[in-house]
Amino acid sequence: MPVPMVGRAAALDELRHAWEQVRGGGRCVPAVVTGLPGTGKSTLAAAAVQVAAPEVVLSGSARLHSPAPYDWLAAVLAATGPHPGLPVPPDALAWLAQDPDVPRERYTPDALLRLAVTTVRTLVGRRPAVLVVEDLHALDPASLSLIAELAGADLPALLLVTSRPPDAAVNPALTVRALERLAGAPGAVRRHLGALSAAQVGQILDHVYGSRELADAVWRRTGGNPYRITELLAVAGGPDALAEHLRQPVELTAREREVLGCLAEGMSNKQIAAALGISVRTVTVHVSNLLRKTGAVSRTEAALWAVQRALPADTRTRTG
């Protein structure tokens, strides 16, 4: 049985109201949904699109490991197919679509930004649209500039943006600036998603199992993180198996215990990599696994988990 979306009704209603503003006023209304990983930002955005049922949906996100100029627009162009009627020079359009064979010297950044806005305007036309921007925090500077420009554009669109907090961004200062411009637009919506309460976890268990008996234990294991709740229920299966799973201690590998000890010492990923002689990317993978296993929703919570369990000093860190 699918896990229901609990604790987000007010946020969904706010996004529905923002969409009604778009349809009634014909102008762009930004809606920014922020939260830590796994709090349901993308799920909420998908639900909002389903409720709105717009004529046009333009959706894009950043590339995971190597952001490049206009990632968001390139994703939109790739998803919407050939565009022979766009009032944009073919070489500029090819550059915005990230064609590797197009020279980059011909257009200035300001000119490309204007052409990017024109491209989006033309794709939308006068039809009410939803522009979905996934993971603003991971976008390149050019995409951030484009999204900020669209917030003030004469465009009948709900500009639906999801993002982690700026301190997790690829470009923190530019992300803050983009978020400020989005929030400053008339009618803008800003909604931060936090963890679910134990009572809300109980609602999920009642829906899936017909019982709320394990709500507190599931909440403690997952920290109320919707993604981790979904993952836990998928792995455990039925209620008896879930109860048994919750009774089992959290098992960490030797390396994970080392990384966790470093987190408890307040180290950054770069510092942990140097201390343990591994790459930053490997540290990132270990931290992700630790968050999943401990049920923590942040590095700070994972560090607190380590301190509360008094990890032996020789597993805290390999530094003197």
Show me, pair by pair, the donor-acceptor contacts under 3.5 angstrom made by side chains of residues 109-120, not counting sequence neighbours?
unit_1, atom_1, unit_2, atom_2, d
Thr118, OG1, Arg114, O, 3.0
Thr119, OG1, Leu115, O, 2.8

For residues [X] and [Y], report the shortest heavy-atom separation together with the two atoms involved.
| X | Y | answer |
| --- | --- | --- |
| Ile278 | Thr282 | CD1-CG2, 4.2 Å |
| Leu263 | Ala303 | O-CB, 3.5 Å |
| Ala236 | His245 | CB-CB, 4.5 Å |
| Trp72 | Ser61 | CD1-N, 3.9 Å |
| Asn171 | Pro141 | ND2-CD, 3.7 Å |
| Ala129 | Trp19 | O-CZ3, 3.3 Å |

(message) Whether the side chain of Lys41 engages the backbone of Leu36 through a donor-acceptor N/O pair (distance < 3.5 Å, no angle test) should be reported.
(response) yes
(message) Using modelled atom types and a 3.5 Å cut-off, is there a donor and acceptor pairing between side-chain atoms of Thr80 and backbone atoms of Val76?
(response) yes
Set of side chain to side chain contact (heavy atoms under 4.5 Å, CB included) partners for [X], sequence neighbours left out:
| X | result |
| --- | --- |
| Ser268 | Lys270, Gln271 |
| Ala47 | Met5, Leu12 |
| Val176 | Pro166, Glu180 |
| Ala215 | Leu205 |

Point-to-point distance, once rounded to the nearest 0.5 Å, from [atom1] of [X] to [atom2] of [Y]:
| X | Y | atom1 | atom2 | result |
| --- | --- | --- | --- | --- |
| Ile229 | Ile204 | CD1 | CD1 | 4.5 Å |
| Leu136 | Thr34 | CG | OG1 | 10.5 Å |
| Thr284 | Asn269 | OG1 | CG | 4.5 Å |
| Leu58 | Leu77 | CG | CG | 9.0 Å |
| Gln203 | Ser197 | CD | OG | 7.0 Å |
| Leu242 | Leu246 | CG | CG | 4.5 Å |

(request) Walk me through it: do Arg255 and Glu258 pass the test salt bridge (Lys or Arg N to Asp or Glu O under 4.0 Å)? (result) CA-CA 5 Å; Arg255 180 65 87 190; Glu258 289 180 325; 2.8 Å; yes
Is there side-chain contact between [X] and [Y], with heavy atoms separated by less than 4.5 Å?
| X | Y | answer |
| --- | --- | --- |
| Val161 | Leu182 | yes |
| Val218 | Leu232 | yes |
| Tyr227 | Thr43 | no |
| Leu214 | Tyr209 | no |
| Val130 | Val132 | yes |
| Leu123 | His83 | yes |
| Val133 | Leu139 | yes |
| Leu291 | Arg228 | yes |

(request) Give the C-alpha distance, both sets of side-chain angles, the deciding distance and a yes or no for side chain to side chain contact (heavy atoms under 4.5 Å, CB included) between Val29 and Leu159. (result) CA-CA 6 Å; Val29 177; Leu159 183 54; over 6 Å; no
(request) Among residues two or more places apart or on two chains, list those pairs meeting side chain to side chain donor-acceptor pair (under 3.5 Å) that have a residue in residues 151-168. (result) Glu134-Thr162
(message) Per the side chain to side chain donor-acceptor pair (under 3.5 Å) rule, what does the pair list look like for residues 214-226, sequence neighbours excluded?
(response) none
(request) Could you check Val124 against Leu131 for side chain to side chain contact (heavy atoms under 4.5 Å, CB included), going step by step and ending with a plain yes or no? (result) CA-CA 9 Å; Val124 171; Leu131 311 183; 3.9 Å; yes
(request) Decide whether Leu155 and Val56 are clustered together by the hydrophobic rule: side chain heavy atoms of Ile, Leu, Val, Met, Phe, Trp, Tyr closer than 4.5 Å, transitively. (result) yes
(request) Determine whether Leu144 and Val170 fall in the same hydrophobic cluster, where Ile, Leu, Val, Met, Phe, Trp and Tyr are linked whenever their side-chain heavy atoms lie under 4.5 Å apart. (result) no
(request) Could you name each residue pair satisfying salt bridge (charged side-chain N to carboxylate O under 4.0 Å, His left out) that touches residues 183-208, not counting sequence neighbours? (result) Glu14-Arg191, Asp206-Arg212
Pairing residues for [X] by the salt bridge (Lys or Arg N to Asp or Glu O under 4.0 Å) criterion, not counting sequence neighbours:
| X | value |
| --- | --- |
| Glu213 | none |
| Arg247 | Glu244 |
| Asp71 | Arg63 |
| Arg299 | none |

(request) Kindly check if the number of other-residue, nucleotide or ligand heavy atoms within 6.0 Å of NE2 (His192) is above 12? (result) yes
(message) Are more than 12 heavy atoms, taken from residues, nucleotides or ligands other than Arg23, located less than 6.0 Å from that residue's CZ atom?
(response) no
(request) Would you check, one step at a time, whether the test side chain to side chain contact (heavy atoms under 4.5 Å, CB included) holds for Arg27 with Val22? (result) CA-CA 6 Å; Arg27 59 180 174 80; Val22 171; over 6 Å; no
